[in-house]
Amino acid sequence: MTEIEVARLILLLKKEWPVHEYSTLKRNCCHFSNEFCQRLGVGSIPNRVMNLASAGASIAASGDLTCCRQVAVQVGKTCCCAGAAGDDAIE
């Protein structure tokens, strides 16, 4: 792929990956990097890079926020889960 083709690909991806669609668990920089590499023709990024976000998404989808609550209590900070660490938790 030439430098110009890569620049065109980046412009295309910029349209397909708008900031407002960012999701920490389902559409993050790892997902973007994976798609970028695939479109460059060099294959996917290693599974170990994608596994953490996938695991987090699976836990969030299950609705079981126990681990999030436990971590929030242990570190004394708010959590990503609504109501997990009190009224000031962030969704």
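- Here the closest heavy-atom approach between residue Gly43 and residue Cys37 is recorded as O-CB, 3.2 Å.
- Within the 4.5 Å cutoff, the side chain of Lys15 has no heavy atoms near those of the Leu11 side chain.
- Grouping Ile, Leu, Val, Met, Phe, Trp and Tyr residues whose side-chain heavy atoms lie under 4.5 Å apart, directly or via other members, places Met1 in a hydrophobic cluster with Val6, Leu9, Ile10, Leu13, Trp17, Phe32, Phe36, Leu40, Val42.
- The side-chain heavy atoms of Leu12 and Arg39, taken from C-beta on, include a pair separated by under 4.5 Å.
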Between Asn34 and His31, is a side-chain hydrogen bond (donor to acceptor under 3.5 Å, both in side chains) present by the stated rule, with each step listed? CA-CA 5 Å; Asn34 190 50; His31 296 99; over 6 Å; no
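- Using a 4.5 Å cut-off between side-chain heavy atoms of Ile, Leu, Val, Met, Phe, Trp and Tyr, Val19 forms no hydrophobic cluster with any other residue.
- Surrounding CD of Glu3 are at most 12 heavy atoms belonging to other residues, nucleotides or ligands under 6.0 Å away.
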